[in-house]
Every structure is written in C-alpha cells, then in structure tokens.
Amino acid sequence: MKPSDGNDEEKSVEVEGTITSVLAGTQFRVQLQSGHEVLAHISGKMRKRFIRLVIGDRVKMEMSPYDVTKARITFRLG
C-alpha cells in the first residue's frame with residue numbers, strides 16, 4: 001500500500017445544468033445537458049452569501065464519480 005502524500009484528494013466531476021424545480025431544504029432538481037436529472041443542494045459559500053436560485057437558472061455543479069444522482073451547486077451562471 002502506497003503512503004498518502006497529501007494530494008490524493010477525492011476528484012469531483014464539474015458539470016453544468018438547468019434548475020427544473022425547487023424543493024424543500026435548499027435542494028433543487030437539476031437537468032444536465034445530457035438530459036439526466038439529479039438532486040442538488042447549494043454549497044455553504046452560496047448559502048452564506050444568500051445567493052438566490054430560481055427555476056431556469058443555469059448552474060455549475062460538482063458531482064462525485066461514485067454517486068451520479070446527487071450534486072452540489074457551486075456557481076450560478078444566470
């Protein structure tokens with residue numbers, strides 16, 4: 001087993017999508033450009049800065065390669 005040298009962090013996939021519905025608890029249903037829908041929540045920095053998201057907004061998200069049904073919204077494109 002190779003010892004960890006600090007830069008073996010989890011890799012996340014960045015994708016873009018469009019918000020299709022707003023759910024309770026700052027969660028959103030987002031449709032990706034490929035047509036798939038994922039459940040997404042907003043990141044802590046967006047929550048701290050009170051960034052508002054509405055249906056139709058384009059967003060940038062981070063997804064784990066292990067669970068492609070959930071994502072974290074990191075940026076509002078407009």
Report summary line: For Arg29, the side chain to side chain contact (heavy atoms under 4.5 Å, CB included) test, sequence neighbours excluded, returns Thr20, Ser21, Leu23, Glu37, Leu39
Query raised in the report: Once you round to the nearest 0.5 Å, how far does CD1 of Ile42 lie from OG1 of Thr26?
Result: 4.5 Å
Query - Nearest non-hydrogen partners of Ser12 and Pro65, listed with the distance - result: CA-CD, 4.5 Å
Report summary line: Val30 and Ile19 have their tightest heavy-atom pair at CG2-CG1, 4.2 Å
Query raised in the report: With side chains defined as the heavy atoms from C-beta onward, is the minimum distance between Glu14 and Lys60 less than 4.5 Å?
Result: yes
Query - Heavy-atom check, side chain of Leu53 versus side chain of Ile73, under 4.5 Å - result: yes
**Report entry** Spacing of Met46 atom CE and Arg52 atom CZ [to the nearest 0.5 Å]
**Finding:** 10.5 Å
Query raised in the report: Hey, what do you get for CZ (Arg58) to CZ (Phe75), rounding to the nearest 0.5 Å?
Result: 11.0 Å
Query raised in the report: Can you find a pair of side-chain heavy atoms, one from Met61 and one from Glu16, that are under 4.5 Å apart?
Result: no
Requested in this report: State, yes or no, whether a side-chain contact exists between Val15 and Val13 at a heavy-atom distance under 4.5 Å.
Outcome: yes
Query raised in the report: Can you check side chain to side chain contact (heavy atoms under 4.5 Å, CB included) on Gln31 and His36, steps first, answer last?
Result: CA-CA 6 Å; Gln31 185 172 19; His36 290 83; over 6 Å; no
Query - Closest heavy-atom pair and its distance - Ser43, Thr74 - result: OG-CA, 4.1 Å
Report task. Show the numbers, then the answer: is there a side chain to side chain contact (heavy atoms under 4.5 Å, CB included) between Val59 and Leu77? Result -> CA-CA 5 Å; Val59 292; Leu77 299 171; 5.9 Å; no
Query raised in the report: Taking side chain as C-beta onward, heavy atoms only, is Asp57 less than 4.5 Å from Thr18?
Result: no
